Amino acid sequence: ELNDTVINRWGVPHGGALFTMGDVACGVAAISVRGESLVTLNASIDYMDRADISGKVTAVAKVERAGSRVCFCSAEMFDCNGKRIAAMKAAMSYTGTKLNFA
């Protein structure tokens, strides 16, 4: 749910909040491939449209290519009506440290 902490003075989600959502979504997608911790090497985002703030904003990410050290991902953010409001590309670097999901 959106709340006042992520809404800017123009009544839409702050770009930084959308960037964070995309970064986290890309990270989860990359972790799902190798179960290994990672760091973001580079990320860029395109803001495409205003969001309807009457409901949730959702981020959906996928792995485009996973190499031995670097994983390339993309994410899209949608408002509560399914309108695409932002798109991100990110490169993530695996650290070599396995994650324990137990």
Side-chain angles (χ1 to χ4, degrees):
E1 280 303 307
L2 297 172
N3 59 45
D4 290 342
T5 61
V6 296
I7 302 299
N8 65 24
R9 70 181 77 194
W10 296 279
V12 296
H14 190 282
L18 294 175
F19 189 96
T20 299
M21 285 182 69
D23 186 48
V24 170
C26 285
V28 170
I31 287 169
S32 74
V33 171
R34 295 245 307 254
E36 198 172 300
S37 67
L38 47 80
V39 296
T40 303
L41 293 174
N42 186 42
S44 64
I45 191 167
D46 294 311
Y47 302 102
M48 301 172 161
D49 209 339
R50 294 175 59 92
D52 178 344
I53 61 169
S54 65
K56 294 181 180 182
V57 171
T58 305
V60 178
K62 66 180 179 178
V63 172
E64 301 289 345
R65 181 183 180 280
S68 61
R69 292 282 299 172
V70 179
C71 186
F72 298 92
C73 302
S74 62
E76 295 179 307
M77 281 58 76
F78 300 90
D79 73 4
C80 60
N81 298 314
K83 179 174 62 176
R84 186 170 67 161
I85 57 174
M88 173 180 270
K89 294 282 188 184
M92 313 294 231
S93 176
Y94 291 109
T95 66
T97 302
K98 289 291 183 186
L99 296 171
N100 181 0
F101 296 106

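Note that the structure is predicted; figures quoted are calculated from it, not measured.
- With sequence neighbours excluded, no residue forms a salt bridge (Lys or Arg N to Asp or Glu O under 4.0 Å) with D46.
- Judged by distance alone, the side chain of Y47 and the main-chain N or O of I85 form no donor-acceptor pair under 3.5 Å.
- The other members of the hydrophobic cluster of F72, by chain and number, are L41, V70 (side-chain heavy atoms under 4.5 Å, ILVMFWY only).
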Taking distance alone, no hydrogens or angles, what donor-acceptor pairs closer than 3.5 Å link side-chain atoms of residues 17-28 to residues at least two apart or in another chain?
unit_1	atom_1	unit_2	atom_2	d
T20	OG1	G16	O	2.9
D23	OD1	T40	OG1	2.8

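- Partners of R84 by salt bridge (Lys or Arg N to Asp or Glu O under 4.0 Å), not counting sequence neighbours, listed by chain and number: E76.
- Between V57 and F78 there is no side-chain heavy-atom pair separated by less than 4.5 Å.
- By the salt bridge (Lys or Arg N to Asp or Glu O under 4.0 Å) test, R50 pairs with no residue at all, sequence neighbours left out.
- A43 approaches M88 most closely through the heavy-atom pair CB-CE, 4.3 Å.
- Here the shortest heavy-atom pairing between A87 and M77 reads N-CE, 4.4 Å.
- E36 and G96 make their closest contact through OE2-N, 2.7 Å (heavy atoms, listed as atom of the first residue, atom of the second, distance).
- C73 and V63 make their closest contact through SG-CG2, 4.1 Å (heavy atoms, listed as atom of the first residue, atom of the second, distance).
- Proximity of a side-chain donor or acceptor of D79 to a complementary backbone N or O of D52 within less than 3.5 Å is detected.
- Residue pairs that meet the side-chain hydrogen bond (donor to acceptor under 3.5 Å, both in side chains) test with at least one member in residues 85-98, sequence neighbours left out, are S37-T95.
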